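In this text the structure is predicted, and so the values were computed from the model without any measurement.
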Amino acid sequence: MLNNTAKIKVARYSIFSEKNSNYIIIFPDIPFWIATTYQGLDFLKNIDGKKTVEEISRIVFKDFNEQIQNMVQEFMKPLIESQVIYTSKKPRKVTQLPKKPNKITFLQTMNCNLRCKHCSVADYESKDLPSMNIDQAKLALDRVGAIMDKGQKKLSFLGGEPLLGDKFIELIKYANELDFQIGLSTNGLLIDEHFAEISKKYNINVQVSLDGPNKESHEAIRGKNTYDRTINKIKLLKKYDVDTQTNMVYHSGNIHLIEDYINLCRSLGVKKIRMVPLMNLGRAVNNLKAVSVNRYLDEIIKLIYKDPSFMDDLDDTSFMGLVMATKFSHRMIACGAGVITVMISPTGDVYPCLNIFDEEHKICNLFDEDYIEQFEQSRVRDFFLNLRIDQLNEKCMNCDMKYYCGGRCRGETLRTQHDITAPYPECKEWKKAMEKIFWLVTEFPELGEEKYRKVIEKTGTYVDIC
């Protein structure tokens, strides 16, 4: 709390949105934001480093009685804590995130038992796609540990279909011996009792692709005779109390079914529900139509107004990712690809992430004897280590929302703009979405609080994500 005689200063701010004389104010360089009335805005406008708290209050409120003093101190409290309002600048406590990867995506095999309409792997001409045998896969895990951060190590098996990997259960056991926190994404059809037992024993997060709340919507993507089998496999996982998550790729054909989808997951006892946007890649280009993040957001907001209890089911959705951006006073410097995340291909090549997966961006190969030297001297890795939104391009550098954004997905940008340093292609849509999120969090401040507390325990309140 500042003394009422303190002469205060304020960080640079701008009005991001206005509704009926209420305002969303952002402080771009912190970053921080508030929702306030015209009086709060007037208070900020009168801060010049020369007036005291009392003098400003008398200008705005025409008085400085006890009630007004309490109201002013309550208004200033979060602004002081975030150093938006200050008398003299103090260095922020910065919790630096790891400079070495702590999240690995592992593609042991690209083979799959389905040909989903949105998948790029399904377009490969060869039916015998690249795969690692069990010995190669174990060696890859051994070696990747040498280039990872020594803290918590996360490992996600993707594909292809991970359960088609050579001696996959044996590989899971080996990864557990190496102290990896394990997750995987599967279409679910190959899940059996033994896999469920192993998943429970080793605390594996199993994400099952479920692309709709009924047979028609799911099988439009996954093919005939897949819906009932997938539902039964989810029930099997729940029988063994496995950490189970569903994933729906939303598009124009199922976006209207989100409420039914959540209700289905509730009935199955699934508390982790993931929803991700359709990427306009692979077979999706000719088979499906993507929808904007704002159309998706409108569906979610409609549900929250209808029944606020739906908020309890949204922690693992991309919607909650937008909410989290409003909860932290942190600078989102970059997406983290190639820095905190890397991907291992079935040939042992290491790439920044699943969305930046081409020869130009190869970092190293784990089967080469000098792979550590390749990793440490990689021009690709060096590029991503130094990738910052405030140096990315002129448009991003001058944007007041840059530290909320971090440049978004650089892989998506590269594929659509053919320039990894270009502005995010859906920038305008994202800003519209954030405007809705700011107002929604203002009305429902409890939204995302539980997830926020969990993240805070690990990172601290202010981080430079880079």
Side-chain angles (χ1 to χ4, degrees), residues 116-119 185-188 205-223 226-228 230-231 233-235 237-238 244-281 284 287-326 408-409 412 426 429-430 432-441 443-444 446-451:
C116 301
K117 284 188 176 179
H118 65 295
C119 182
S185 180
T186 172
N187 58 46
N205 172 257
V206 180
Q207 177 179 287
V208 180
S209 296
L210 180 64
D211 284 304
N214 52 45
K215 181 176 292 190
E216 180 183 6
S217 55
H218 178 78
E219 295 188 354
I221 305 298
R222 303 279 163 180
T226 57
Y227 178 75
D228 290 336
T230 302
I231 294 296
K233 300 299 185 179
I234 293 172
K235 290 178 179 178
L237 292 172
K238 295 305 297 180
T244 306
Q245 181 173 351
T246 60
N247 182 58
M248 180 177 84
V249 176
Y250 66 82
H251 53 86
S252 62
N254 63 8
I255 189 69
H256 62 292
L257 298 171
I258 288 179
E259 181 176 2
D260 292 342
Y261 186 84
I262 294 175
N263 284 329
L264 171 63
C265 292
R266 283 176 166 180
S267 72
L268 293 169
V270 175
K271 296 181 179 180
K272 294 182 177 180
I273 304 171
R274 189 166 182 254
M275 299 177 200
V276 296
L278 175 74
M279 302 290 276
N280 196 30
L281 301 167
N287 285 309
L288 297 168
K289 184 179 179 181
V291 298
S292 71
V293 64
N294 279 282
R295 170 71 196 284
Y296 165 65
L297 199 56
D298 289 343
E299 292 292 328
I300 297 293
I301 291 173
K302 182 171 65 176
L303 287 184
I304 291 173
Y305 279 116
K306 179 179 180 180
D307 180 0
S309 73
F310 276 112
M311 288 189 288
D312 297 334
D313 302 292
L314 300 174
D315 272 8
D316 293 280
T317 63
S318 56
F319 163 81
M320 190 54 66
L322 297 174
V323 172
M324 285 297 102
T326 72
R408 305 293 292 169
C409 177
E412 185 179 355
E426 298 298 324
E429 278 290 319
W430 177 81
K432 289 179 184 177
M434 287 305 300
E435 183 177 12
K436 294 175 183 178
I437 291 290
F438 281 131
W439 288 116
L440 186 68
V441 172
E443 188 169 353
F444 296 94
E446 69 274 25
L447 182 62
E449 276 299 300
E450 183 176 349
K451 183 165 186 174

Exercise. With V293, which residues qualify under side-chain contact (heavy atoms from CB on, under 4.5 Å), at least two apart?
Worked result: L322, E429, A433
Minimum-distance pair of heavy atoms, taken over all atoms of [X] and [Y]:
| X | Y | result |
| --- | --- | --- |
| Q245 | V270 | CA-CG1, 4.3 Å |
| Y261 | L210 | OH-O, 2.7 Å |
| D211 | N254 | O-ND2, 3.1 Å |

Exercise. Going from CE on M320 to CG on D313, what distance comes out if it is rounded to the nearest 0.5 angstrom?
Worked result: 10.0 Å
Exercise. Atom OH of Y250 and atom CG of L278: how far apart are they, to the nearest 0.5 Å?
Worked result: 9.5 Å
Problem set entry | Side-chain heavy atoms of W439 within contact of M434, under 4.5 Å | no
Exercise. Should I304 and L314 count as side-chain neighbours, where that means a heavy-atom distance under 4.5 Å?
Worked result: yes
Problem set entry | Ion pair D315/K271, N-O distance below 4.0 Å | no
Problem set entry | Polar side chain donor-acceptor pair, N214 to S217, under 3.5 angstrom | yes
Exercise. Would you say the side chains of N294 and S292 form a donor-acceptor pair under 3.5 Å?
Worked result: no
Exercise. Taking atom CD of E449 as the centre, does the number of heavy atoms from other residues, nucleotides or ligands within less than 6.0 Å exceed 12?
Worked result: yes
For this session: Decide if the gap between the ring center of F444 and the ring center of Y305 is smaller than 6.0 angstrom.
Result: yes
